[in-house]
Amino acid sequence: MQFGDHFKAMKPLDPSVKSEACVLGQKRKKSTPKEAAVRKCLILEQKCSLPIFSAREKLIHQVNQNNTLIVIGETGSGKTTQLPQFLYAGGFCKAGKIIGITQPRRVAAVSVASRVAEEMDVEVGKEVGFSIRFEDATSSITRIKYMTDGMLLREALLDPLLKKYSVVIVDEAHERTIHTDVLFGLLKGIQARRSNSIEGKFREENGAEWKKTKRGDVTEDSKRNGNDQKAAWPHNQKANMFETSIEKEKDHHANGFLMEKSLSPLKIVIMSATLDAQGFSDYFGGAKVVYIQGRQFPVEIYYTYMPEADYLDAALITTLQVHIEEDPGDVLVFLTGQEEIESMERLLHDRISCFPEGTAKIMVVPIFAALPSDQQMKVFKAAPVGTRKVILATNIAETSVTIPGIRYVIDPGLVKARMYNPRTGVEALAIVPISKAQALQRSGRAGREGPGKCFRLYTEEAFHKLDDVTVPEIRRCNLSSVVLQLKALGIDDVLGFDFMDKPSRMAIVKSLEHLYTLGALTDEGKLSNPVGVQMARLPLEPLFAKAMLMSVSFKCSEEMLAAVAMLSVESIFFTPQDKLKEVNLAKLRFSSSEGDHITYVNVLCAYMGELKKIGEPQDKKAKKSLQNWCNIHFINGRSLKRALDIHRQIQGYIQGIGLELLSCGEDYSSFRRCLAASFFLNAACKQPDGTFRALASGQIVSIHPSSVMFGKKPDCIIFNELVHTNKHYIRNVTRIDPLWLPELAPRFYCTKDIQTNFLPDSQGQKPLQD
DNA sequence: GAGCACTGC
């Protein structure tokens with residue numbers, strides 16, 4: 001480590017300072033100048049000791065030489081924080097260009113940005129910034145910008161060639177989120193267009209180094225070159241427009257405008273933690289791959305000799321065995337859901353209570369996404385001396401949350417995954433085996449601070465039979481949002497889009513049909529104006545976006561705004577299994593006999609009222625009072641805060657589009673009529689036996705127990721979600737008048753069928769349509 | 001008459 005030698009002579013640093021510095025994004029007390037100096041040295045030392053540091057020059061060189069580079073670096077290599085700094089120093093931000101780094105998660109974007117800002121000794125939001133939904137910490141001088149992958153996709157809607165960026169780094173590419181996958185195809189297209197631009201060619205011919213132009217040319221560009229949006233796309237049917245634009249650029253060249261007007265090439269860097277480099281390289285035309293050493297401690301892996309019949313029982317026994325036989329160190333147990341975690345918690349407490357006097361104690365802490373934040377924070381609290389912490393976690397602990405102190409991992413090898421059937425439109429949650437990559441990720445959680453052990457509750461043979469990598473999200477979910485965004489980006493031929501893993505034809509065609517039904521696409525399959533254009537602008541599921549637009553003419557846009565904001569977040573009510581009755585009682589305060597949608601509107605209104613009373617939760621006391629309000633109503637404060645953020649954001653967009661926000665007041669029938677008009681495809685009617693039949697699919701469905709309509713028997717309802725667990729459950733349900741359907745959706749329902757369906761003698765058996 | 005992994009705009 002040639003660069004580190006310089007620091008060896010330094011006095012050893014106070015260990016407390018060191019541990020603090022290791023925590024990303026943690027708030028620090030204001031330090032004295034001396035402390036600040038020590039800290040600065042420390043940061044420099046840490047930087048230089050990272051495995052990536054010795055590869056600095058090589059990396060800059062490789063990015064200069066290759067348009068696309070694949071960087072494989074294990075956990076702890078420092079690639080996320082260092083590579084952007086190297087490229088910044090290597091001249092990639094000249095001419096006001098930006099290095100963009102995408103992350104799959106918001107917290108990562110924020111914490112890494114603050115760490116890098118500190119390393120560069122600048123304020124967050126200045127040279128180093130981040131951009132996530134609801135929060136933009138960037139400015140005109142920002143040159144290194146961390147952001148969520150979805151955020152960069154949104155930016156592409158306004159700037160289709162991402163002209164601000166000289167380099168886009170896609171981090172955690174192995175996670176293959178739906179946004180990352182769309183970005184791949186998009187970036188590839190942008191890179192091709194930008195290289196084909198006249199200046200790209202000019203550069204190649206002349207071997208010119210990095211472009212030198214004055215700052216501000218980016219905005220000038222976009223002002224003058226408004227046509228780029230249409231001209232930029234290979235799949236665009238108006239390809240001839242691109243030719244025209246090249247001609248224009250040639251003219252500019254002749255007139256000496258070239259250096260101001262034209263585009264610099266886009267560098268793409270794909271960073272992944274797994275060894276699946278070949279797939280990325282193949283997709284990006286045989287792109288060069290570089291490997292960076294990681295810094296992970298060894299983890300011993302143990303398998304069972306025989307397959308386990310009951311993985312929960314096996315997990316329980318293994319946990320107790322580790323506790324009794326192994327050295328100190330916390331245990332992380334991966335389970336599939338809230339129910340499993342809660343029952344395991346009870347079982348562990350039962351067993352511990354039977355331990356003989358003098359046995360070391362266990363502190364059990366659960367963590368899963370629906371758990372309110374204050375309870376989630378408990379996993380970060382150290383156990384008292386002599387007590388072992390056992391964390392019972394879902395997938396959340398695999399990547400989203402890093403818990404310090406873990407030395408033992410117990411992995412049953414299962415995960416609860418959401419599946420989507422494009423043919424029926426039914427989503428299902430199923431417990432399925434994890435992939436090898438996931439197993440590796442889980443065991444790695446034991447080796448972050450020292451050597452660890454991982455107990456896999458399956459045989460080695462079973463491990464080898466697992467899939468290598470998890471099926472990318474884009475192959476598993478509803479594509480309506482993605483297809484709408486691609487259309488908005490000018491990509492008309494979605495079936496021909498260059499996906500790294502192509503979704504099934506059926507899934508794409510179903511989404512196209514869905515969007516057409518919503519009026520977002522024209523008969524030619526193009527984005528319709530204004531409906532499609534406006535829908536694409538709203539950061540909502542397409543169906544909710546349409547409902548939002550429709551609500552303006554039903555004069556209930558205030559109510560719909562509240563409803564779609566609430567429908568966009570999950571787990572509004574937190575329901576511990578042992579407090580079902582109390583939860584239902586608390587819900588009554590907001591319940592509407594008409595259904596869940598109005599109930600949600602009531603909850604959000606009540607929350608806003610509470611906020612008004614106590615003011616924005618700036619000070620501790622107000623925060624506590626708000627938290628208290630949430631607790632007594634069994635409301636998840638984090639979810640409601642998110643709903644409020646979405647509410648504000650959509651409100652801004654709606655006003656930006658120039659649409660009116662109107663309240664229907666006490667008359668909820670117009671709101672319910674609007675729900676019927678928006679969600680008519682998800683209508684269901686009561687059958688004689690009390691179950692419901694979905695009108696479009698003919699499926700037998702049941703109202704989910706979490707609905708306020710559960711146990712009630714309305715004649716006709718609309719719903720927002722159909723999930724298959726033990727039954728086909730519908731969630732988010734509201735009562736409607738069956739006659740509204742033919743009136744509001746005449747292309748799908750006719751009055752005669754509806755009447756027949758509800759006549760006593762027909763007993764509702766006749767299917768409405770095929 | 002009884003239940004829901006994780007992200008993201």
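A note on names: the letters A, B, ... follow the listed sequences, proteins ahead of strands, and every chain is numbered from 1.
Side-chain contact of A:S111 with A:S114: a donor-acceptor pair under 3.5 Å is absent, judged by distance alone. With no hydrogens or angles considered, a side-chain donor-acceptor pair links A:H704 and A:S706 at under 3.5 Å.
Of all the heavy atoms in A:V379 and A:I403, the pair that sits closest is O-CG2, 3.6 Å.
Backbone-only contact: A:R106 has heavy atoms under 4.0 Å from sugar-phosphate atoms and none from a base. Residue A:F134 is classed as having no contact, given no heavy-atom separation below 4.0 Å to the nucleic acid. When heavy atoms are screened at a 4.0 angstrom cut-off, A:R105 is found touching the sugar-phosphate backbone but no base atom. Using a 4.0 Å heavy-atom cutoff across all strands shown, A:K712 reaches no nucleic acid atom at all. At the heavy-atom level, A:I646 lies nowhere under 4.0 Å from the strands shown. In this structure, A:G711 reaches neither bases nor backbone, as no heavy-atom distance under 4.0 Å exists between it and the strands shown.
For the salt bridge (charged side-chain N to carboxylate O under 4.0 Å, His left out) test, residues two or more places apart in sequence or in another chain that qualify with A:R105 are A:E175.
Pairs of residues two or more places apart, or lying in two chains, that qualify as salt bridge (charged side-chain N to carboxylate O under 4.0 Å, His left out) and include a residue from residues 467-484 of chain A are A:K436-A:D468, A:R475-A:D501.
Map A:T148 and A:N584 each onto its nearest nucleotide of DNA chain B; the residue landing nearer the 5' end is A:N584.
With contacts defined as side-chain heavy-atom distances shorter than 4.5 Å, the pair A:K145/A:I99 does not qualify.
Using a 4.0 Å cutoff to heavy atoms of chain A, the contacted part of DNA chain B runs 5' to 3' from B:dG1 to B:dC9.
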